[in-house]
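Working notes for the structure below.
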Amino acid sequence: MPSMTAKKKCCKDKPRCKKCPVVLKRLADAGCAQRLDRIHYEVDKKIKKKVLKEARSR
C-alpha cells in the first residue's frame, strides 16, 4: 500500500483533488484506505473508478 499525506486545507476544486483531506477520509470510510494518523493514510493501489469518483464529488 502506498502512503499518502493529505493537504492541510481543501482547495475547493471541482472535483476535489486526490490529496484533499475530505477525499482521503471518504476513501477510509469506504474501506479503500487506512488512516495512520491525522494526515497520513495508506491507500489501496487498485481503487475502483466508481468509488474514487464518488469520493471526489462535491
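All values below were derived from every heavy atom in this structure, side-chain atoms included, with hydrogens, water molecules and symmetry-related copies excluded.
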Chi angles and distances behind the side chain to side chain contact (heavy atoms under 4.5 Å, CB included) call for K12, R58: CA-CA 9 Å; K12 299 185 176 150; R58 281 209 163 258; 3.6 Å; yes
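- In terms of heavy atoms, V23 sits closest to A55 at CG2-O, 3.7 Å.
- We find the CG-CD distance between D44 and E42 to be 9.5 Å, quoted to the nearest 0.5 Å.
- The CG atom of L27 sits 10.0 Å away from atom CD of E54, with the distance rounded to the nearest 0.5 Å.
- The nearest pair of heavy atoms linking K45 to P2 is CG-CD, 3.6 Å.
- Contact between L52 and K18 at its shortest, heavy atoms only, is CD2-CE, 4.0 Å.
- Taken together through direct or relayed side-chain contacts under 4.5 Å among Ile, Leu, Val, Met, Phe, Trp and Tyr, M4 and V51 form part of one hydrophobic cluster.
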Evaluation steps, side chain to side chain contact (heavy atoms under 4.5 Å, CB included), between H40 and S3: CA-CA 7 Å; H40 295 95; S3 62; over 6 Å; no
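- Contact record, Y41 with A28: CE2-CB, 4.1 Å, taken as the closest heavy-atom pair.
- What you find for P21 and A6 is that their closest heavy atoms are CA-CB, 4.0 Å.
- Here CZ of R16 is found 10.0 Å from NZ of K7. Values are rounded to the nearest 0.5 Å.
- Other residues, nucleotides and ligands contribute only 12 or fewer heavy atoms inside 6.0 Å of the NZ atom of K19.
- Note that NZ of K25 and CZ of R35 are 7.0 Å apart. Values are rounded to the nearest 0.5 Å.
- Counting only heavy atoms from C-beta outward, the side chains of S57 and R26 approach each other to under 4.5 Å.
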